[in-house]
Amino acid sequence: AACRKLGIPVIHIVNTYRAGDFEGVESGWRRITEGHYSMLGMSESTKYYGNLGLEGTKWSALVVENKPEDIVVNTKKRVTAFETTDLQMVMSALNKDVMVITGIMTNCCDLCTAYYAGSKDYKVILCADMTRGSNPSDEAAAGLMVSRYIGLNTNAEELLREWRAQKAAGEA
């Protein structure tokens with residue numbers, strides 16, 4: 001809501017696979033989870049993690065506020081938000097070179113997206129208090145990698161304070 005108020009575009013990236021699962025069957029994270037849930041310490045109730053993103057299920061629905069002015073990219077099939085999507089085209093059309101990463105799987109999808117974005121010369125900001133990963137230590141490790149090698153690791157309050165100051169100074 002604060003980003004929208006400041007005129008900052010909100011882009012939602014949604015991981016989806018078509019029924020029949022031919023799109024995601026070869027992704028690395030699916031190969032290591034499906035059939036190996038007991039080895040990974042997953043319970044019976046979480047063994048279907050491999051179905052994450054299956055079109056038409058609760059696992060492919062946005063659970064955050066989505067306004068009509070927001071942009072939804074729902075063709076993500078791999079761990080980076082760029083591969084198989086038109087995110088780069090959207091960013092170009094918006095004339096944006098700063099990518100603020102929030103969302104789930106800090107230590108997987110967010111981190112891979114950050115590396116990809118950095119390699120494409122985007123200014124990368126990980127908003128760490130707006131992400132979650134597998135566990136707190138993996139989240140911290142991902143944040144450390146971002147801050148050392150890719151971009152800025154910050155929090156929402158700090159980032160919004162900076163953007164508001166830039167807007168007040170006429171820079172935004």
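In this structure a side-chain-to-backbone donor-acceptor pair under 3.5 Å is present from Thr113 to Ala81. Distance alone, capped at 3.5 Å, is enough to place a donor-acceptor pair between the Glu139 side chain and the Gly133 backbone. Using modelled atom types, one side-chain atom of Asp129 and one backbone atom of Ala156 make a donor-acceptor pair closer than 3.5 Å. Between the Asp86 side chain and the Met89 main chain, no donor and acceptor come within less than 3.5 Å of each other. Checked by atom type and distance alone, the side chain of Lys76 pairs as donor or acceptor with a backbone atom of Arg78 at under 3.5 Å. Panel note: side chain Asn107, backbone Ala141; no donor-acceptor pair is recorded below 3.5 Å. The main-chain N or O of Arg132 is found under 3.5 Å from a side-chain atom of Thr106 such that the two form a donor-acceptor pair.
Applying the side chain to side chain contact (heavy atoms under 4.5 Å, CB included) rule to Ser92 yields no partners; only residues at least two apart in sequence or on another chain are considered. Remark: Arg4 engages Glu65, Asp70 in a side-chain hydrogen bond (donor to acceptor under 3.5 Å, both in side chains) (not counting sequence neighbours).
Both Leu160 and Ile8 are members of a single hydrophobic cluster when ILVMFWY side chains are connected at heavy-atom separations under 4.5 Å. Ile13 and Val90 fall within a single hydrophobic cluster, where Ile, Leu, Val, Met, Phe, Trp and Tyr side chains are chained together by heavy-atom contacts under 4.5 Å. Residues Val10 and Val98 do not share a hydrophobic cluster, clusters being chains of Ile/Leu/Val/Met/Phe/Trp/Tyr side chains in contact below 4.5 Å. Leu94 and Val73 fall within a single hydrophobic cluster, where Ile, Leu, Val, Met, Phe, Trp and Tyr are joined by side-chain heavy atoms under 4.5 Å apart, directly or via other members. Connection of Tyr149 to Phe82 is established within a shared hydrophobic cluster, with ILVMFWY side chains joined at heavy-atom distances below 4.5 Å, either directly or through further cluster members.
At most 12 non-hydrogen atoms from other residues, nucleotides or ligands lie less than 6.0 angstrom from CE of Met130.
Here CD1 of Ile101 is found 10.5 Å from SG of Cys127. Values are rounded to the nearest 0.5 Å. For the atom pair NZ (Lys123) and CD1 (Ile150), the distance works out to 16.0 Å, reported to the nearest 0.5 Å. Atoms CG and OH, from Leu87 and Tyr116 in turn, are 9.5 Å apart once rounded to the nearest 0.5 Å. Taking CG from Leu126 and OG1 from Thr154, the interatomic distance works out to 9.5 Å, rounded to the nearest 0.5 Å. Atoms CG and CZ, on Leu159 and Arg164 in that order, are 10.0 Å from each other to the nearest 0.5 Å. Between atom CG of residue Asn153 and atom CE of residue Met145 there is a gap of 11.0 Å, rounded to the nearest 0.5 Å.
Using modelled atom types, one finds no donor on one side chain facing an acceptor on the other under 3.5 Å when comparing Asn74 with Thr16.
Summarising the geometry of Val79 relative to Cys112, their closest heavy-atom pair is CG2-SG, 3.5 Å, with the distance given to 0.1 Å.
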